[in-house]
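Okay, so here's the structure we're looking at.
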Amino acid sequence: MVTAEFSPYVKTGGLADAVSALSRELRRSGDDVRVLLPFHGSIQECWRRDMRPLPSPFSVHLGGEHWGRIHELVEADGLRVYFLEHHQFFDRWRPYDDGYRGYEDNPQRFAFLCRAAVDLADFLDWTPDVFHCHDWMAALVPVYLETVARRGRLCSTASLLTIHNIAHQGYADRSLLSWAGLPDWLYCQDKLEACGGVNVLKGGLYFANKLTTVSPTYAQEIRGAEFGCGLQDVLQFRGGDLIGVLNGIDCELWNPATDSHIAAHYDSKCWDGKWICKDELRRSCGLEIRPSVPLFGVVARLHWQKGLDILADALPWILNDMNLQFILLGAGDGQLEEHFRALARAFPGRVAVHIGYDETFAHRIVAGCDFFFMPSRFEPCGLSQLYSLRYGTLPIVRSTGGLRDTVRHYDERTGEGTGFFFNDLTPSALHGTAGWACHSYHNRPDHINAMIRQAMDLNFSWKASAGRYRDCYRWALGAKR
Ligand code: ADP
Ligand code: GLC
């Protein structure tokens, strides 16, 4: 696995959870999984203590000479995690940006990660069958494998590239190629060139043996102009090599019956513990404890993707018309952070807003709320709605990407379903759907209870999807041969 994030060591969103849970599931089935990620400056001391630096640094064959050093951490189940140390590139507090804008040298930093992944095989004297590369940050691995590293130890190693989010592609100017030790003939329309520069993800999409993305619906959506972010033609060209494999969740970490972060435990047979979680959450956040008032929650990166700007616009209207409470945990866009803070000031006791990143608090919101908002503009898979379902917190989602593949729309006639869908990302659609959820909460408790039970009984474990990835590895190896 070549990745920029990996839980629990470094996480900014679902990528870290997805790669980590998949790796652990494969390892459990006996595969020799090894993970390479940058030794980010934010990795905490408690993890550093368990790492062992490999004796010598190794040379990474970019255009010029660069050296990396590996710190190895062998987990209890035998999973090997390699942290790639490079003081100048990775010893930074945040993985991709300084809080305001992306680091200018991101293409160089991740080219270094990719070339190190390739050079590591010789250094470790270990030949992987497949490199599983995640997002643009790992997309140069297939490019190296099919060009300058074509012969030698890795001549029959295949590559699988998974798109977790096509909106991030990695742009650089042409000089990245020579800097990264890649031939200049790659600079053309059907390789890495795009808009007069280099598009790193595009290169990966052309050169990987096979491609996946994280839900079947998103696999279709990105072939069109609306969601393809300019790469739809490449994906149509490689259409036969692209499939969607739905993410799972780590059912040990996200389990309301055992979760150490939450106030009380519960399961799908008896969820009395959920009401204790709800009260505890409200108390700790300064929300009024009012019986039979539904609590709506959000845990998300505050990014345009998530559609929370529209939710912020709709909230005063929703709160004026309906008897509900709202809680948000998130960080990102400064203006949106301020907008939500202002809402908390305007509706004391009814709105709580926590700006920041807090894993424990995320679990407590997922457990303690009745409904969970995800009004995403696009959502490749989404893990938060999967966590919510497992905790009996009914998702209210826009009908897009993985949200469509994982949430079942409420059927008022039968009480079947696991959440509420809406199509248009407008304040009025959000107002209408929140109203429907509120109405059902007060007037259809039998349906709400049936939905909670159905949601909690769903199985989103990684087992099935890990099996599909194993098939994809074979598929990629076949293509390589
Ligand atoms: P994305 O990867 O696009 O952010 P996902 O739904 O796949 O969306 O995954 C988001 C993950 O990040 C979830 O595990 C969620 O709990 C977590 N997360 C997002 N923001 C925060 C935050 N501010 N504090 C704690 N966890 C967060
Ligand atoms: C990305 C996507 C999210 C997905 C996650 C893990 O961050 O935005 O939808 O769940 O990757 O695959």
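Counting convention: from 1, in listed order, for ligands and their atoms alike.
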### Task
Please could you name the atoms of ligand 1 that G356 approaches to less than 4.0 Å, counting only its heavy atoms?
22 (C), 23 (N)
### Query
Can you tell which part of C381 has a heavy atom less than 4.0 Å from ligand 1: side chain, backbone, both or neither?
neither
### Message
Please check whether A18 reaches ligand 2 - meaning an N/O of the residue sits under 3.5 Å from an N/O of the ligand, judged on distance alone.
### Response
no
#### Entry: Proximity winner for atom 26 (N) of ligand 1, if only heavy atoms of Y357, F378, F361, W254 are counted
Y357
### Message
Does only the side chain of D358 get under 4.0 Å from ligand 1, or the backbone, or both, or neither? Count heavy atoms.
### Response
backbone
### Task
May I have the step-by-step check of side chain to side chain contact (heavy atoms under 4.5 Å, CB included) for C369 and K278, ending in yes or no?
CA-CA 6 Å; C369 288; K278 182 174 175 181; over 6 Å; no
### Query
Nearest protein heavy-atom contact for atom 16 (O) of ligand 1: which residue, which atom, what distance?
V299 CG1, 3.8 Å
### Query
Nearest heavy atom to atom 19 (C) of ligand 1: which of S384, A18, A300 does it belong to?
A300
### Message
Students often mix this up, so state it plainly: with edges at 30° and 60°, are the rings of W254 and Y387 parallel, tilted or perpendicular?
### Response
parallel
### Sub-3.5 Å N/O-N/O distance, A362 and ligand 1
no
### Task
Classify the ring geometry between H363 and Y391 as parallel (under 30°), tilted (30 to 60°) or perpendicular (over 60°).
perpendicular
### Task
Note the single closest protein heavy atom to atom 14 (O) of ligand 1, along with its residue, its atom name and the distance in Å.
K11 NZ, 2.9 Å
### Task
Report the part of Y387 (side chain from C-beta onward, or backbone N, CA, C, O) that has a heavy atom under 4.0 Å from ligand 1; answer both or neither where that applies.
side chain
### Message
Counting neighbours of CZ on F237 that are heavy atoms of other residues, nucleotides or ligands and sit closer than 6.0 Å, is the number greater than 12?
### Response
no
### Task
May I ask you to list the atoms of ligand 2 that are less than 4.0 angstrom from any heavy atom of N247?
6 (C), 10 (O), 12 (O)
### Task
Anything under 30° is parallel, anything over 60° is perpendicular, the rest tilted; go ahead and classify F83 against Y9.
perpendicular
#### Entry: ligand 1-proximal atoms of D17, by part, heavy-atom distance under 4.0 Å
side chain
### Query
For the ring pair H431 and W317, is the centre-to-centre distance below 6.0 Å?
yes
### Task
Could you tell me whether R390 sits above the aromatic face of F460, with NZ or CZ closer than 6.0 angstrom to the six-membered ring centre and within 45 degrees of the axis?
no
### Query
Should the pair F421 and H409 be assigned to parallel (<30°), tilted (30 to 60°) or perpendicular (>60°) ring geometry?
tilted
### Task
For residues Y82 and H71, establish whether the separation of their ring centroids is below 6.0 Å.
no
### Query
Of the backbone atoms (N, CA, C, O) and the side-chain heavy atoms from C-beta on, which set of H164 has a member under 4.0 Å from an atom of ligand 1: side chain, backbone, both, or neither?
neither
### Query
Which is it for F39 and F90 under the ring pair (Phe, Tyr, Trp, His ring centres under 6.0 Å) test, yes or no, and what are the steps along the way?
CA-CA 6 Å; F39 196 161; F90 298 134; 9.5 Å; no
### Neighbour count >12 (heavy atoms, 6.0 Å) for atom CD, E252
no
### Summary
Ranked by distance from atom 5 (P) of ligand 1, the top protein heavy atom is L383 N, 3.4 Å
### Task
Apply the side-chain hydrogen bond (donor to acceptor under 3.5 Å, both in side chains) test between Q385 and each candidate in T393, T418, T406; give the one that qualifies.
T406
### Task
Examine ligand 1 and decide if any of its atoms is less than 4.0 Å from a heavy atom belonging to H303.
no
### Task
Identify, by atom number and element, the atoms of ligand 1 in contact range of G330, meaning under 4.0 Å from any of its heavy atoms.
23 (N)
### Query
If hydrogens are left out, which of A16, S388, G332, G14 has an atom nearest to atom 9 (O) of ligand 1, that is, the closest non-hydrogen atom?
G14
### Summary
Quick look: L15 vs ligand 2, heavy-atom contacts under 4.0 Å, and the answer is backbone
#### Entry: Atom indices of ligand 1, in the order listed, that fall short of 4.0 Å to a heavy atom of G13
2 (O), 4 (O), 11 (C), 12 (O)
### Query
What do the steps show when you test R364 against S284 for side-chain hydrogen bond (donor to acceptor under 3.5 Å, both in side chains), and what is the final call?
CA-CA 10 Å; R364 291 174 46 223; S284 67; 2.8 Å; yes
### Task
Decide yes or no on ring pair (Phe, Tyr, Trp, His ring centres under 6.0 Å) for Y410 and W436, but give the supporting numbers first.
CA-CA 10 Å; Y410 170 44; W436 189 17; 5.5 Å; yes
### Query
Applying a strict 4.0 Å limit to heavy atoms, is G382 in contact with ligand 2?
yes
### Message
Quick check: M374 and ligand 1, any N/O pair under 3.5 Å apart?
### Response
no
### Task
Could you list which atoms of ligand 2 come closer than 4.0 Å to a heavy atom of L383?
10 (O)
### Task
Counting heavy atoms only, name the option from H164, E379, K306 that's nearest to atom 9 (O) of ligand 2.
E379
#### Entry: Candidate pair D309 and Q335, rule side-chain hydrogen bond (donor to acceptor under 3.5 Å, both in side chains), full reasoning
CA-CA 9 Å; D309 47 331; Q335 269 185 338; over 6 Å; no
### Query
Quick one: does S376's side chain get under 4.5 Å of K306's, heavy atoms only?
yes
### Query
What atoms of ligand 2 come within less than 4.0 Å of a heavy atom belonging to N165?
8 (O)
### Query
Heavy-atom distance under 4.5 Å between the side chains of W304 and F378, does that happen here?
yes
### Query
Any idea which of R301, K306, Q305 brings a heavy atom closest to atom 8 (O) of ligand 1?
K306
### Task
Check D17 against ligand 2 and report side chain, backbone, both or neither, counting heavy atoms closer than 4.0 Å.
neither
### Message
Can you confirm, on distance only, whether ligand 1 has an N/O atom lying under 3.5 Å from any N/O atom belonging to Q385?
### Response
no
### Task
Would you mind running through ligand 2 and noting each atom that sits below 4.0 Å from a heavy atom of Q305?
8 (O)
### Summary
In ligand 1, the atoms that come under 4.0 Å of a heavy atom of G382 are 6 (O), 7 (O)
